[in-house]
Trainee: 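Here it is: the structure, laid out below.
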Amino acid sequence: VQFRQENVEDVYEITEEIGSGQFAVVRKCIEKCSGKVFAAKFIKKKRARASRRGVTKEDIEREVDILTTVGHKNIISLHEVYESNNEVVLILEMVAGGELFDFLSDKEYLTEPEAVAFMIQILNGMDYLHERNIAHFDLKPENIMLLNKDAEPHNIKLIDFGLAQRITPGMEYKNMHGTPEFVAPEIIAFEPIGLPADCWSIGVITFILLSGCSPFLGDDKSETFENITRVDYEFDDEYFADTSDLARDFIQHLLVKDQRKRFTIKDCLNHAWIKGAANYIPAWVTQEPLSPPR
Ligand SMILES: Cc1ccnnc1
């Protein structure tokens, strides 16, 4: 995939920073010819092979390939790509409602209907990816963005496909990555990883949505890894006293050490906690757009 070689600043007016990661900065930008607003993700290219800084061209092309082939209302869309000497710029759909992470910290935790309304959309986006054998591998509240934080119910988009991989059965992905709090036991054990690793992360995210607490977080990375490996978590009554058995059951089927026994995304969508909620969540949030009325 070749990227546009012109100077991105000739085509877009680059304005304020709206996000940043290890090797990338995201800035709001306006396309000069149309006035449309986008998010420009500047990714630093790895210069020398030995360097620990920057991202390899191969990894950037993987992210672009995945974003180019997916199209779903709960997944960020890619408009175009520019390349200069030391960086690649992804021009992405602008998601202006901020991170689910910040939305959560303002409210501390969500009611079950609010949590389910988010979870249904996360599951729809993930179902679309897993049906195509694409694993996200970095699911966490920071990578779940709200389209508009004042709208009800909230429309969300999954972002940051920098660690995403096309999973081919038999291929083993063993590179350690992701954020400690959200990684599955098999990632810590350097065992073959695949789609089930995302389902573990969804279990962690659900726990956090309902309680504001992170189930495995320890005082340092190694303690967190210890808690994950032992699947050592509990539903503290201080936060879970009013949580339904269905919600706990949903989480318990995801935080399963054996990835072969863990709930898949399809299992999640069929679980009563999610299915039961489809009644009070407006159709536009849960169903694919219906064909326009004749
Ligand atoms: C941070 C971010 C990324 C992509 N789109 N909008 C905002």
Side-chain angles (χ1 to χ4, degrees), residues 1-47 51-103 122 125-126 128-129 134-149 155-166 175 177-179 182 198 201:
V1 179
Q2 273 320 308
F3 307 149
R4 290 184 65 166
Q5 309 285 330
E6 310 97 292
N7 183 335
V8 66
E9 315 224 2
D10 292 344
V11 185
Y12 294 86
E13 191 192 339
I14 313 289
T15 63
E16 77 262 25
E17 185 178 312
I18 50 178
S20 67
Q22 198 177 12
F23 302 119
V25 173
V26 183
R27 308 174 78 94
K28 180 176 171 183
C29 66
I30 298 122
E31 189 175 42
K32 291 177 180 174
C33 67
S34 69
K36 280 186 189 161
V37 177
F38 292 94
K41 180 175 178 180
F42 294 80
I43 305 173
K44 195 169 180 50
K45 279 163 50 176
K46 188 187 277 267
R47 298 317 299 163
S51 158
R52 271 171 302 124
R53 286 198 314 279
V55 184
T56 63
K57 189 68 186 302
E58 184 197 355
D59 285 349
I60 296 174
E61 278 171 353
R62 181 183 302 112
E63 179 174 1
V64 170
D65 161 59
I66 287 174
L67 281 173
T68 309
T69 53
V70 303
H72 186 274
K73 64 177 185 303
N74 296 123
I75 297 173
I76 195 94
S77 63
L78 177 65
H79 182 57
E80 56 179 354
V81 187
Y82 289 76
E83 176 169 18
S84 69
N85 253 352
N86 43 24
E87 65 188 1
V88 171
V89 188
L90 308 189
I91 305 295
L92 295 156
E93 174 186 1
M94 176 63 171
V95 185
E99 297 172 5
L100 174 58
F101 185 77
D102 298 318
F103 181 80
I122 294 165
M126 288 311 300
Y128 178 91
L129 292 175
I134 294 170
H136 184 284
F137 280 154
D138 198 13
L139 283 178
K140 53 185 177 180
E142 294 90 317
N143 286 338
I144 299 166
M145 301 283 292
L146 276 66
L147 213 57
N148 172 341
K149 65 173 175 283
N155 200 203
I156 63 107
K157 300 254 178 191
L158 302 175
I159 68 164
D160 199 345
F161 285 71
L163 296 178
Q165 302 269 353
R166 286 178 190 283
N175 35 1
H177 47 50
T179 306
F182 301 91
D198 283 337
S201 304

Trainee: Taking side chain to side chain contact (heavy atoms under 4.5 Å, CB included) as the criterion, tell me which of Ile76, Leu158, Asp160 meets it with Asn143.
Mentor: Asp160

Trainee: Is it the case that atom CD in Glu58 sees more than 12 heavy atoms from other parts of the structure closer than 6.0 Å?
Mentor: no

Trainee: Hey, does Glu142 have a side-chain heavy atom less than 4.5 Å from the side chain of Thr179?
Mentor: no

Trainee: With a 4.5 Å cut-off on side-chain heavy atoms, are Val81 and Thr68 touching?
Mentor: no

Trainee: Hey, does the side chain of Lys44 reach the backbone of Val25 with a donor-acceptor pair shorter than 3.5 angstrom?
Mentor: no

Trainee: Taking atom CZ of Arg53 as the centre, does the number of heavy atoms from other residues, nucleotides or ligands within less than 6.0 Å exceed 12?
Mentor: no

Trainee: Let me know which of Ile159, Asp102, Asn155 forms a side chain to side chain contact (heavy atoms under 4.5 Å, CB included) with Met145.
Mentor: Ile159

Trainee: For the CD atom on Gln22, are there more than 12 heavy atoms of other groups (residues, nucleotides or ligands in this structure) within a distance under 6.0 Å?
Mentor: no

Trainee: Taking the side chain as every heavy atom from C-beta outward, state whether Ile91 and Tyr82 have any pair of such atoms under 4.5 Å apart.
Mentor: yes

Trainee: Are any non-hydrogen side-chain atoms of Arg4 and Val11 less than 4.5 angstrom apart?
Mentor: yes

Trainee: When you measure from the side chain of Lys45 to the backbone of Asn85, do you find a donor-acceptor pair of N or O atoms at a distance under 3.5 Å?
Mentor: yes

Trainee: Are Lys36 and His79 close enough that some pair of their side-chain heavy atoms sits under 4.5 Å apart?
Mentor: no

Trainee: Without swapping roles, check the side chain of Ser51 against the backbone of Lys46 for a donor-acceptor pair under 3.5 Å.
Mentor: no

Trainee: Relative to each other, are the rings of Tyr128 and His72 parallel, tilted or perpendicular (30° and 60° limits)?
Mentor: tilted

Trainee: Give the intermediate values and the outcome of side chain to side chain contact (heavy atoms under 4.5 Å, CB included) for residues Tyr12 and Arg27.
Mentor: CA-CA 11 Å; Tyr12 294 86; Arg27 308 174 78 94; over 6 Å; no

Trainee: Just to verify, what does Asp138 make a salt bridge (Lys or Arg N to Asp or Glu O under 4.0 Å) with, not counting sequence neighbours?
Mentor: Lys140

Trainee: Would you mind telling me which of Asp198, Ile75, Ile66 makes a side chain to side chain contact (heavy atoms under 4.5 Å, CB included) with Ile134?
Mentor: Ile66

Trainee: Between Val8 and Glu87, does the side chain to side chain contact (heavy atoms under 4.5 Å, CB included) criterion hold? Intermediate values first, please.
Mentor: CA-CA 11 Å; Val8 66; Glu87 65 188 1; 5.8 Å; no

Trainee: Is any side-chain heavy atom of Phe42 less than 4.5 Å from a side-chain heavy atom of Ile14?
Mentor: yes

Trainee: Which heavy-atom pair separates Lys41 from Ala24 by the least distance, and what is that distance?
Mentor: CE-CB, 3.9 Å

Trainee: Looking at every heavy atom in both Ala40 and Val89, which two are closest together, and how far apart are they?
Mentor: CB-CG1, 4.0 Å

Trainee: Please check this pair: side chain of Thr56 against backbone of Asp59, looking for a donor-acceptor N/O pair closer than 3.5 Å.
Mentor: yes

Trainee: Could Asp65 and Arg62 be called an ion pair, given the rule that one side-chain N must be under 4.0 Å from one carboxylate O?
Mentor: no

Trainee: Within the side chain of Asn74, is there an N or O that forms a donor-acceptor pair under 3.5 Å with the backbone of Lys157?
Mentor: no

Trainee: So which atom in Arg52 and which in Phe23 form the shortest heavy-atom distance, rounded to 0.1 Å?
Mentor: O-CZ, 3.4 Å

Trainee: Restricting to non-hydrogen atoms, name the atom on Leu146 and the atom on Val95 that form the minimum distance, rounded to 0.1 Å.
Mentor: O-CG1, 3.2 Å

Trainee: Do the side chains of Phe3 and Lys57 get nearer than 4.5 Å, heavy atoms only?
Mentor: yes

Trainee: With a 4.5 Å heavy-atom cut-off, do Glu93 and Leu147 have their side chains touching?
Mentor: yes

Trainee: Suppose we screen for salt bridge (Lys or Arg N to Asp or Glu O under 4.0 Å). Which residues come up paired with Glu16, at least two apart in sequence or across chains?
Mentor: none

Trainee: Once rounded to the nearest 0.5 Å, what's the spacing between atom CG of Leu90 and atom CG of Leu78?
Mentor: 6.0 Å

Trainee: Can you confirm whether more than 12 heavy atoms, excluding those of Lys32, are under 6.0 Å from its NZ atom?
Mentor: yes

